[in-house]
Structures are given as structure tokens and as C-alpha cells.
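Note sheet for the following structure.
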Amino acid sequence: MEPYKAAIPIQEALRRGEGKVTLRGWIHRKRVLKEKIFILLRDSTGVIQLVLPRDKFKDLEDLNLESALVVTGALVKEPRAPGGVEMHVESVDWVYRGEPYPINEDAVAADSEYLLDVRHLWIRSRKMQAVLKIRHTVFGAIHEYFRKNGFYEVHPPMFITAAVEGGATLFKVQYFDKIVYLTQSSQFYLEALIYGLEKVYTIAPSFRAEPSRTRRHLTEFWHAEMEIAWAGMEDAVLVGEGVISHVVEKVLDERQEELRLLGRRIEPLEKAKPPFYRVSYDEAVDILQKKGFKIGWGDDIGADEERALSQDFDKPIVLYGFPEKVKAFYHRNNPRRPEVTLSFDVLLPEGYGEVIGGGERIYQAEELIEKIKRFGLNPQDYWWYIDLRRYGSVPHSGFGLGVDRLTMWIVGADHIRDVVPFPRDVRRTAP
RNA sequence: GCCGCCGUAGCUCAGCCCGGUCAGAGCGGCGGGCUGUUAACCCGUAGGUCCCGGGUUCAAAUCCCGGCGGCGGCGCCA
């Protein structure tokens with residue numbers, strides 16, 4: 001049997017605190033003293049201190065960080081050891097000698113750009129481990145919420161031929177002898193799928209060729225989208241509150257250790273329970289004007305305004321009822337007040353901003369065609385989307401949730417790149 | 001697309017303003033030391049196309065022009 005097959009997880013070793021066991025992992029830290037070598041060994045479950053008599057393991061003292069090891073020895077409870085338990089190593093059963101590891105504490109402390117250049121290595125760090133474990137829980141909790149609430153998971157295409165939002169932000173792809181695009185939202189496909197399944201959701205990548213240079217934009221991001229038949233805007237808002245609060249609850253329940261390692265304050269997370277604050281666009285304009293912003297009714301709410309708004313609230317805000325011209329063409333106008341749409345955004349607190357955009361869709365063909373024209377677009381480009389309105393159309397609503405943005409807020413990251421293993425932005429496509 | 005900032009050792013940075021012992025520090029590497037270390041510590045040592053090109057000058061990392069690369073913010077959005 002290969003020696004590494006006998007190993008137990010480090011977390012399990014820390015729990016036992018005694019007995020002879022085999023461990024495997026990577027060298028997280030190493031300190032060589034006159035008579036002893038201390039090694040902090042890391043695996044996916046934790047970190048434990050190894051103690052090796054220097055005379056017996058002379059050939060190991062020059063091991064570089066991140067070298068891989070399989071060791072056997074006795075576990076001992078030891079207050080001087082980080083974590084309270086250490087292993088007195090008796091034999092080293094397997095070694096892979098790594099070259100000098102290029103990431104050091106200076107680069108980490110500076111949160112350097114370099115960490116993105118060596119991202120393929122940096123994802124080994126305890127910080128990235130913690131973030132990626134939380135990300136795993138976030139995705140799982142989204143699936144869990146939708147499935148428990150009667151939604152079917154569906155899988156729309158990534159190659160498309162018509163824009164959802166307009167057209168300027170699509171990535172072109174050579175597709176045999178023609179050009180197609182990468183999807184920027186699965187919404188239109190979800191709208192088609194409700195006529196069979198009524199309540200549908202998907203978690204899929206969306207691609208946007210926007211040259212955005214901000215801490216909350218990527219060119220490739222994970223989009224959790226849902227659509228429900230026989231539903232108005234308020235129904236979609238309830239689902240949005242439901243899924244966010246469920247995800248947060250799940251992370252608080254399962255990822256306390258990771259949140260602690262990341263130094264995340266959990267009070268703001270604990271407050272994210274429904275109902276979120278409801279603020280109409282009209283009220284928001286009032287609030288902002290009183291704060292001294294130069295904003296008139298009909299203007300869009302920019303990033304600074306969004307941040308200022310969220311400062312007044314200690315949990316997520318549902319901003320609703322935007323003017324027609326600041327939202328995409330497919331939003332249904334309020335029949336009682338046609339100048340505003342039945343649209344909403346969910347804003348995260350602490351300055352994190354928009355995480356959900358959604359609302360009720362136009363369900364009548366004529367109204368849709370008219371609005372497409374009013375927006376200066378060509379109805380022919382949306383032929384099948386319009387066609388959906390010709391055969392038993394019903395009121396329906398949905399939203400798109402930025403999963404990376406949600407994760408960013410949950411872990412308290414400064415940049416959306418910090419929560420994605422291999423982020424893609426306007427310039428970075430490798431590693 | 002618009003505005004601002006940056007580029008010096010493998011990594012993090014100082015030096016630039018006011019040109020002339022300015023080729024520097026810490027980490028990492030290598031060599032040695034050290035009574036159990038907690039990002040260990042101490043001593044020694046190797047390591048650089050000062051982003052590239054041009055200009056000014058007796059003299060340029062430093063000043064000027066152009067280019068390339070990177071970062072942050074806005075707009076747009078999730």
C-alpha cells in the first residue's frame with residue numbers, strides 16, 4: 001500500500017490529540033533550531049505542528065515551503081503548539097522536495113498584484129482555502145433553496161445569437177463559419193422554460209465584454225437566475241430575500257471557522273433576515289437630495305449614490321420602481337403609473353451595492369414590440385423572445401443574482417477577484 | 001470610453017521633488033549559529049537591462065518626450 005493511503009485528516013488528528021498516526025500534507029511553515037525542526041503541516045482540513053529531532057532528520061532541514069510530506073508519529077497534547085496538539089515524528093514515509101516557494105509574507109501583507117500572477121499557487125493559502133470553502137457553501141445553499149421551493153434547475157445555452165441587454169457588451173466567438181456570442185444572461189431562455197416548468201432557476205456563467213475596472217466587476221461571473229410564471233414583481237422580491245437569507249444562514253451555520261480565519265464581522269450577516277428594507281425609487285431620490293446629491297427624478301442611481309443609500313441601512317435594501325429609461329426594455333411598466341417599471345434591485349449593506357436585478361417582464365406581444373422600438377432596438381433581433389408572447393403568455397417575474405458579489409459581501413472581501421479562484425477581468429486571462 | 005496613480009533584486013518597497021559614493025533595506029535563497037519555535041531570531045553571503053526607446057547634460061533610476069505594461073475609480077451592470 002502506498003504510504004499516503006494510511007494518512008488521516010489533520011483535523012481528525014487535532015481532535016484525537018493522542019496515539020500513533022500517519023499524516024500527509026504540505027509544509028506551511030518551517031523553523032529549524034539547534035536540536036529540533038518544527039514544521040507546520042497543512043492539508044485541506046487544517047494545520048498541525050510536527051516536531052522532528054534534528055539529528056535524526058538532518059536531510060529534511062533544507063525542505064522548502066509547500067514541499068509535500070507523509071509522516072508517521074505520536075500525537076501529543078502540547079499547549080506550546082499552535083492548535084494545542086503536535087506530532088512527534090518517528091518516520092518520514094514520503095517526500096516531494098519543492099523548489100523555493102515564490103510567495104512570501106510581504107506579498108501577502110501587501111495583498112499584492114503578484115498574488116494574481118501566481119494565482120495557481122496562491123489558491124493553496126489558508127485564506128483562499130477559507131474563501132473557496134465558503135463559496136462552495138454559497139453555491140450549495142442556492143441550489144438547496146430553489147429545489148426546496150419547487151424550482152426546476154434548467155440549463156440554458158452559453159452560445160447565443162441575440163443580446164439580452166443591448167449588444168455592445170457581447171463577446172464574439174468564431175463558431176464554425178459564423179460568429180456567435182457568449183451569453184450575458186440566461187433570462188430569455190428561462191422565460192421560455194416557464195411555460196413548461198413554471199418555476200425555473202439556473203446557476204451559470206455570464207460573460208460581459210464591458211471594460212469595467214471596479215472592484216465588483218468581472219468579465220466572467222456566476223449568475224444565479226430564476227423565473228416564475230403567474231408572478232408579479234413582489235413575488236420575485238420575496239424569492240430574492242429568501243435565497244439571500246438562506247445562503248447567509250447556511251454560511252453562518254457551517255462556516256464559522258472560515259469566517260473567523262478571514263476576520264469577518266458576522267453582525268451584518270446575522271441581520272440579513274427578511275423582510276429587507278423596501279425603498280421606492282421616488283423615496284431614494286428624496287433621501288439622496290437631502291444628503292446633497294445632485295440627482296433629479298429620472299436620473300439613474302450611480303455607485304456613489306448607492307453607497308450613500310446603503311449607509312443608512314443595516315441590512316439589504318430592495319430598491320424598486322425605477323423609471324423606464326434607466327432599466328432594460330423587457331421590464332413591464334406599471335399599468336397605474338406608466339413612467340415607472342415593475343423592476344427592483346437588491347443592494348447589499350456595507351457599501352457592497354447591487355447584487356440582484358430583476359422584476360416583472362412584459363407579457364403582451366404588442367407592448368413588448370412597442371417598447372423594443374421605443375428603445376431604438378430591432379424587433380427582428382428578438383423574434384423568438386417576442387414569439388413567446390404569442391402562445392398563452394402569462395404575467396411572470398424573475399431576477400439575476402451575482403453569486404460572486406454575494407460571496408464577496410459574505411466573506412467581507414475588498415475585491416470580487418478575491419472570491420473567485422481564477423478571476424477573469426478586462427486584462428487578466430491567465431492563470 | 002473618461003479621470004487619476006504606478007513600473008528599482010524572485011517578492012514587498014526606499015531612493016526620484018533638489019541630477020554627482022544611489023545600486024539600497026526587509027523577506028526569500030545559500031552558509032553558519034541558536035534551550036520549544038509561533039510570519040522564530042542572530043551573523044555572514046550571493047542576487048539588479050533601476051519597464052523600453054529617444055532627448056537634455058560633463059554626468060540620468062532621478063529632468064523632458066514617446067511607447068509598452070500594470071493598478072484604482074467612474075460610466076455600465078450582477
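What you see is a predicted model, and the numbers here were worked out from it, not measured in a lab.
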Answer with base, sugar-phosphate or nothing: what part of the nucleic acid does Glu220(A) contact at a heavy-atom distance below 4.0 Å? nothing
Counterpart base for G75(B), defined by Watson-Crick or G-U wobble contacts under 3.5 Å: none
May I ask you to test the Leu309(A)-Leu288(A) pair for a side-chain heavy-atom distance under 4.5 Å? yes
Of residues 20-31 of chain A, the positions that come close to RNA chain B - non-hydrogen atoms, cut-off under 4.0 Å: Arg29(A), Arg31(A)
Below 6.0 angstrom between ring centroids: does that apply to Tyr114(A) and Trp122(A)? no
When every non-hydrogen atom of Gly351(A) is compared with those of Arg307(A), the smallest separation belongs to CA-CG, 3.9 Å
Quantified in whole Å, what is the P atom distance between nucleotide U62(B) and nucleotide A23(B)? 14 Å
Taking atom types as they are modelled, is there a donor-acceptor pair under 3.5 Å from the base of U12(B) to the side chain of Glu105(A)? no
Out of G29(B), C77(B), U12(B), whichever nucleotide has its closest atom nearest the side chain of Asn64(A): G29(B)
Phosphate OP1/OP2 of G72(B): any Arg213(A) side-chain N/O under 4.0 Å: yes
What does Val108(A) touch in the nucleic acid at a heavy-atom separation under 4.0 angstrom: a base, only the sugar-phosphate, or nothing? nothing
Side chain of Arg208(A), heavy atoms from C-beta onward: which of C71(B), C77(B), G72(B) has the nearest atom to it? C77(B)
Judged by nearest nucleotide, the residue sitting upstream toward the 5' end of RNA chain B, Arg216(A) or Ala81(A), is Ala81(A)
Rounded off to whole Å, could you give me the CD1-to-P distance for the Ile295(A) and G75(B) pair? 11 Å
Checking N1-N3 plus N6-O4 or O6-N4 for Watson-Crick, or N1-O2 and O6-N3 for wobble, each under 3.5 Å, the partner of U35(B) is none
Does a side-chain N or O of His415(A) approach OP1 or OP2 of G72(B) to a distance below 4.0 Å, or not? yes
Of the options C74(B), G36(B), C77(B), whose atoms approach the side-chain atoms of Ala303(A) most closely? C74(B)
To the nearest Å, give me how far apart CG (Leu63(A)) and P (C30(B)) are. 10 Å
Any base atoms under 4.0 Å from Glu35(A), or only sugar-phosphate, or nothing? Heavy atoms, all strands. nothing
Pairing partner (Watson-Crick or G-U wobble, both distances under 3.5 angstrom) of G44(B): C30(B)
Report yes or no: is the ring centroid of Tyr101(A) under 5.5 Å from the six-membered base ring centroid of G28(B), with the two planes under 30 degrees? no
Sugar-phosphate only, base, or nothing, as touched by Phe38(A) at under 4.0 Å among non-hydrogen atoms: base
Separation of G31(B) atom P from Lys58(A) atom NZ, nearest Å, is 10 Å
Could you work out the separation of G4(B) and G10(B) based on their P atoms and round it to a whole Å? 33 Å
Is any side-chain N of the basic residue among Glu324(A) and Arg374(A) closer than 4.0 Å to the acidic one's carboxylate O? yes
Starting from P on A78(B), measure out to CD on Gln184(A) and report it in whole angstrom. 9 Å
Scanning all shown strands, the Watson-Crick or wobble mate of C63(B) with both distances under 3.5 Å is G55(B)
Roughly how many Å apart are U21(B) and G15(B), using the C1' atom of each and rounding to a whole number? 14 Å
Rounding to the closest angstrom, what is the interatomic distance between U37(B) and A46(B) at atom P? 32 Å
Whole-angstrom distance between G20(B) and G28(B), as gauged at atom P: 33 Å
With respect to the side chain of Leu218(A), which nucleotide from A78(B), G75(B), C71(B) is positioned closest? A78(B)
Whole angstrom value for the distance that separates P of A78(B) from CG of Leu406(A): 15 Å
With RNA chain B as reference, determine whether Glu306(A) or Asp414(A) sits nearer its 5' end, using the nearest nucleotide of each. Asp414(A)
For a quick test of reading the model: is some side-chain N or O of Lys34(A) closer than 4.0 Å to OP1 or OP2 of U35(B)? yes
Work out how far the C1' atom of C22(B) is from that of A14(B), and round it to whole angstrom. 11 Å
With heavy atoms under 4.0 Å as the rule, sort Asp300(A) into base, sugar-phosphate or nothing. sugar-phosphate
Would you check if Ile194(A) and Lys199(A) make a side-chain contact, meaning some heavy-atom pair closer than 4.5 Å? no
Specify the closest pair of heavy atoms between Pro211(A) and Val426(A), including all atoms of both residues, with the distance to one decimal. CA-CG2, 3.9 Å
Find out whether Arg135(A) and Asp404(A) are in side-chain contact, i.e. whether some heavy atom of one side chain is under 4.5 Å from a heavy atom of the other. yes
Do the side-chain N and O atoms of His396(A) and Glu360(A) include a donor-acceptor pair separated by under 3.5 angstrom? no
From A78(B), C11(B), U37(B), nucleotide with atom closest to Tyr114(A) side chain: C11(B)
Tell me: NE2 of His217(A) to C1' of G73(B), nearest whole Å? 12 Å
In whole angstrom, give me the gap between the P atoms of G29(B) and G7(B). 27 Å
Is there a donor on the side chain of Ser212(A) or the base of C77(B) sitting less than 3.5 Å from an acceptor on the other? no
Between CD of Glu210(A) and C1' of A78(B) the distance, given in whole Å, is 9 Å
Among the nucleotides C11(B), U37(B), A78(B), which one has an atom lying closest to any side-chain atom of Leu33(A)? U37(B)
Under a 4.5 Å cut-off applied to non-hydrogen side-chain atoms, are Thr219(A) and Phe171(A) in contact? yes
Compare the minimum distances between each of A78(B), C27(B), C71(B) and the side chain of Asn104(A), then state the nucleotide with the smallest one. C27(B)
For the C1' atoms, the ones on C58(B) and on G19(B), what distance do you get once it is rounded to whole angstrom? 12 Å
On the ring face of Phe322(A), is Lys327(A) found with NZ or CZ under 6.0 Å from the centre and within 45° of the axis? yes
Please report the distance, rounded to the nearest Å, between CZ in Arg54(A) and C1' in G33(B). 9 Å
Measuring to OP1 and OP2 of C74(B), would you say a side-chain N or O of Arg307(A) lies under 4.0 angstrom away? yes
Looking at G36(B), C71(B), A78(B), which one has an atom nearest to any side-chain atom of His88(A)? G36(B)
Is the shortest side-chain heavy-atom distance between Gln129(A) and Glu258(A) below 4.5 Å? no
Any base atoms under 4.0 Å from Gly353(A), or only sugar-phosphate, or nothing? Heavy atoms, all strands. nothing
